[in-house]
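Take a look at the structure set out below.
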Amino acid sequence: MDYATQIIECVKQALDISADEIEQMMETPPEREMGDMAIVCFKLAKVMRKNPQMIASELSEKVNWPSFVSKVETKGAYMNLFFDKSNRAEQVVKSVLDHENNYGSSEIGKGKTICIDYSSINIAKPFHIGHLSSTAIGNSLYRIHSYLGYKCVGINHLGDWGTQFGKLIVAYKLWGNKEQIEKNSVQAMLELYVRFHEEAEKDPELDDSAREWFKKIEDGDSEALEIFNWFKELTLIEANRVYDLLGVEFDSYNGESFYNDKMDRVINELKEKNLLVKSNGAFVVDLEEYNMPPCLVLKSDGATLYSTRDMAAAFYRKDTYDFDKALYVVAYQQNLHFKQWFKVMELLGYEWSKDLIHVAFGMVSMEEGTLSTRKGKVVFLEDVLSKSIEKARGIIDVKSPDLADKDVVAKKIGVGAVVWNAVSNARIKDSVFSFDKALSFEGETAPYVQYTYARANSVLEKANASFKDVDYSLLSDDEAMEVIRMIELFPEKILDAATRYEPYIVARHIIDLAQAFNKFYYERRIIGEDDEVMKARLSLVKATKSCLERGLWLLGIQAPEKM
RNA sequence: GCGCCUGUAGCUCAGUAGGAUAGAGCAACGGCCUUCUAAGCCGUAGGUCCGGGGUUCGAAUCCCUGCAGGCGCGCCA
């Protein structure tokens, strides 16, 4: 039984209220000096018709506190409980060391499946910094949920369908050549795309011919398909370089084109259930009753739309994976889109429509304005990563000239610093991209956590100690206790991150842990102290190291042993 | 016009399902490397929690309203 439930039991015996009510009164004090746990008595004032301060002081005497509570202090309406330090240190540190690689993991997701739709890049378009959020957040949610026992299915819902491919083929046939595309890949495709839009302004006939070529793709024309598939292949080769750098993997690359022949079910069901109405030549589902504009399902020329495809994909995923939840890690610009088709699924009568979750995130813009593929105003993610790695390498050359595997370490740090930008703040926040910020290695950053990790590792390597018969009462100093407090909180932070689909909760927490550790490291000598003290402190170092590594891993960031 | 989101230190952000004196990082200033990695640590300074009402013993947090910014609103995705 954990501390909280034991305390609840004891309080319950002295007071005639439910465990739930007691739990609501409990909280962690803002400052460590105030104790390890607090019970707030304001709420009792009304029921007991006494002032809360008196209630607190009377109650503190009345309750028969469990043995691990070493002291109870009342302060106003607060009863502050202090726990026995060695007991607590032992419980926390041991549980990390006993579960070296899975502290904080659980089985709450056992037998459940979660589909996560993330990254979802477009074919023939650059993999730019705007894709970092979806990719990094999705990857982190994948890891967090896996850690909690869920079976995850990572889906890269490729944008490989639409008239833009007609445009691209037209542009390629008019101004492109094979060598150039082979050589510059997506960059060359992007140039063709940009040129198409420039020329199409002068010559609107280009748009017609683009539509024709897209029709050819749809109809399976061999020349059209050959070019299209070639572009797709080249784009994926390039994207995979970035995914390799990021350490991101997918279980499926089924994108829009995959669902092209799976639309009938959506249309038929909507017809059967009388949800489809004709409006201005197109077919829509009316959502006025739900205070939303109509959801377009079929264009007036009979072609399907984005929503249609998403619904077809949802059916396919439910059939194939039987998910308990399906997450869509997609920018908030598409809030309405998701709200609409989720509602349509509900109207179709599928109770699992409640399991469809749009995990929205904020916009990344450039200092000079928004990103625009059409104008070619983009920053390639690969370039950002390369620059970051290069910067890390430069710092290593100065600070750790004797380090082995400099390039490997530089990669971990450089990539970590960039990924950190996407997973360290609440998803919904907009951000403006700048190299200075993206490549920051100081303060609240991944390199800071990585540095702390490497530091901890270095101590452990030098000391080379055993962890048998540790006297945990030697970890009673404030700095050690603060580290212990952070480690203790780690598991619930992971859970919190999962329920809110917010990786930043893990990120924030490992920063707090790293800060606590660095202070401990600075204030308390580890090696060279009395043998028993050293052993106790080393076990705390080891536990910290393990938590930092797990935390970084959950965010999709690697931890170098040395840096 | 309607809908959704955001507004906390100069800047970037936390603030635990209303609770104790609102916290970090960056930038600024001042300290700390003959001892375990200074990518670090300590200190100083910096706040009308956008404004105004309300609910409550108690509000950055909940409700109403105003302001500012962002996003979205039928044949793109």
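Numbers restart at 1 for each chain; the letters A, B, ... are given by sequence-line order, proteins then strands.
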Which of B:U12, B:G25, B:U35 is nearest the side chain of A:Asn425? It is B:U12

Is there a side-chain polar atom (N or O) of A:Lys299 under 4.0 Å from OP1 or OP2 of B:C76?
-> yes

Geometric class of the A:Phe517/A:Phe520 ring pair [parallel <30°, tilted 30-60°, perpendicular >60°] | tilted

Taking only side-chain nitrogens and oxygens of A:Arg537, does any of them come within less than 4.0 Å of OP1 or OP2 of B:C36?
-> no

Taking only side-chain nitrogens and oxygens of A:Lys519, does any of them come within less than 4.0 Å of OP1 or OP2 of B:C42?
-> yes

Looking only at side-chain N and O atoms, does A:Lys437 come under 4.0 Å of OP1 or OP2 in B:G25?
-> no

Of the listed B:A39, B:A77, B:A14, the closest approach to the A:Glu256 side chain comes from B:A77

If we call it a pair only when both distances are under 3.5 Å in a Watson-Crick or G-U wobble match, what pairs with B:A68?
-> B:U6

Proximity to the side chain of A:Met363 - top-ranked nucleotide from B:A20, B:G70, B:C76 | B:G70

Taking OP1 and OP2 of B:C41, is either one under 4.0 Å from a side-chain nitrogen or oxygen of A:Tyr448?
-> yes

Counting heavy atoms from C-beta on, name the nucleotide in B:U6, B:C32, B:A77 closest to the side chain of A:Ile428.
-> B:U6

Across all strands, who's sitting opposite B:A28 as a Watson-Crick or G-U wobble pair, both distances under 3.5 Å?
-> B:U44

Counting only distance, no hydrogens or angles, is the base of B:A27 paired donor-acceptor with the side chain of A:Asp436 under 3.5 Å?
-> no

Determine the interatomic distance between C1' on B:C41 and the same-named atom on B:A77; round to the nearest Å.
-> 50 Å

Would you mind classifying the nucleic acid contact of A:Pro293 as base, sugar-phosphate or nothing, using non-hydrogen atoms under 4.0 angstrom?
-> sugar-phosphate

Euclidean distance, atom CG of residue A:Leu548 to atom P of B:A39 [Å, nearest integer] = 17 Å

What does A:Met34 touch in the nucleic acid at a heavy-atom separation under 4.0 angstrom: a base, only the sugar-phosphate, or nothing?
-> base

A:Glu461 atom CD, over 12 foreign heavy atoms within 6.0 Å | yes

If you measure from the P atom in B:C36 to the same atom in B:G47, how many Å do you get, rounded?
-> 40 Å

Starting from P on B:A24, measure out to CD on A:Glu442 and report it in whole angstrom.
-> 19 Å

Output, in order, the C-alpha distance, side-chain angles, deciding distance and verdict of side chain to side chain contact (heavy atoms under 4.5 Å, CB included) for A:Phe231 and A:Val186.
-> CA-CA 8 Å; A:Phe231 284 172; A:Val186 175; over 6 Å; no

May I ask you to check whether A:Arg500 and A:Tyr504 show a side-chain donor-acceptor distance below 3.5 Å?
-> yes

How far, in whole Å, is B:U61 from B:G15 if one measures between their C1' atoms?
-> 9 Å

Distance check: side-chain N/O of A:Tyr451 vs OP1/OP2 of B:A39, anything under 4.0 Å?
-> yes

A:Arg455 side-chain proximity, nearest of B:G40, B:C76, B:C73 | B:G40

Just call it for A:Ala282: base, sugar-phosphate, or nothing, with non-hydrogen atoms closer than 4.0 Å on any strand.
-> base

Does A:Ser458 get its side chain close enough to the base of B:C36, under 3.5 Å, for a donor-acceptor pair?
-> no

NA contact type, A:Ile505, heavy-atom cut-off 4.0 Å: base, sugar-phosphate, or nothing?
-> nothing

Taking atom C1' of B:C36 as reference, at what distance in whole Å does atom OH of A:Tyr522 sit?
-> 13 Å

Hey, is B:G30 sitting syn or anti, using the within-90° cutoff around 0?
-> anti

Which is true for A:Arg525 with a 4.0 Å heavy-atom rule: it touches a base, it touches only sugar-phosphate, or it touches nothing?
-> base

From OH of A:Tyr521 across to P of B:A39 the rounded distance in Å is 11 Å

note: A:Leu460, atom CG; B:U37, atom P; distance rounded to Å ~ 11 Å

OP1, OP2 of B:G15 versus side-chain N and O of A:Tyr504: anything below 4.0 Å?
-> yes

Atom CG of A:Asp301: over 12 foreign heavy atoms under 6.0 Å = yes

B:C33: syn or anti, with syn meaning chi within 90° of zero?
-> syn

Across the strands shown, which category fits A:Phe42 at heavy-atom distances under 4.0 angstrom: base, sugar-phosphate, nothing?
-> base

Checking all strands, does A:Gln450 fall into the base, sugar-phosphate, or nothing category for heavy-atom contacts under 4.0 angstrom?
-> nothing

A:Lys429 vs B:G7: side-chain N/O to OP1/OP2 distance below 4.0 Å | yes

A:Tyr290 ring centre to A:Lys343 NZ or CZ under 6.0 Å, with the angle to the axis within 45°?
-> yes

What nucleotide among B:A14, B:A77, B:A39 has an atom nearest to a side-chain atom of A:Tyr306?
-> B:A77

State whether the number of non-hydrogen atoms from other residues, nucleotides or ligands found under 6.0 Å of A:Lys232 atom NZ is greater than 12.
-> yes

Which value, in whole Å, describes the distance between the P atoms of nucleotides B:G72 and B:A14?
-> 22 Å

Spacing between A:Asp496 atom CG and B:G15 atom C1', to the nearest angstrom = 13 Å

Which part of the nucleic acid does A:Glu561 contact within heavy-atom distance under 4.0 Å: base, sugar-phosphate only, or nothing?
-> base

With heavy atoms under 4.0 Å as the rule, sort A:Phe441 into base, sugar-phosphate or nothing.
-> base

Give A:Asn80 one of three labels, base, sugar-phosphate or nothing, depending on what nucleic acid heavy atoms sit under 4.0 Å from its own.
-> base

Look at the rings of A:Phe433 and A:Phe435 and say which category their plane angle falls in: under 30° parallel, 30 to 60° tilted, over 60° perpendicular.
-> perpendicular

Expressed as a whole number of Å, how far does the C1' atom of B:A45 sit from that of B:G31?
-> 15 Å

Touch check for A:Ile526, heavy atoms < 4.0 angstrom, all strands: base, sugar-phosphate only, or nothing?
-> base

N or O in side chain of A:Arg508 less than 4.0 angstrom from B:C13 OP1/OP2 = no

Parallel, tilted or perpendicular: ring planes of A:Phe342 versus A:Tyr328, cut at 30 and 60 degrees | tilted

How long is the line joining CG of A:Asp117 and C1' of B:A77, in whole Å?
-> 13 Å

Sugar-phosphate only, base, or nothing, as touched by A:Ser440 at under 4.0 Å among non-hydrogen atoms = nothing

Tell me which nucleotide among B:G70, B:A77, B:U37 gets nearest to the side chain of A:Leu305.
-> B:A77

How far does the C1' atom of B:C11 sit from the matching atom of B:A27, given to the nearest Å?
-> 7 Å

d(CZ, A:Arg500; P, B:A17) in whole Å | 7 Å

Under 4.0 angstrom, heavy atoms only, what part of the nucleic acid is A:Asn280 near: base, sugar-phosphate, or nothing?
-> base

Gap in Å between the two C1' atoms, one belonging to B:G70 and one to B:A28, rounded = 31 Å

side-chain hydrogen bond (donor to acceptor under 3.5 Å, both in side chains) partner of A:Asn457, chosen from A:Lys545, A:Lys562, A:Lys462 = A:Lys545

Using a 4.0 Å heavy-atom cut-off across all strands, classify A:Leu296 as base, sugar-phosphate, or nothing.
-> base

Separation of the P atoms in B:G7 and B:C49, to the nearest angstrom | 15 Å

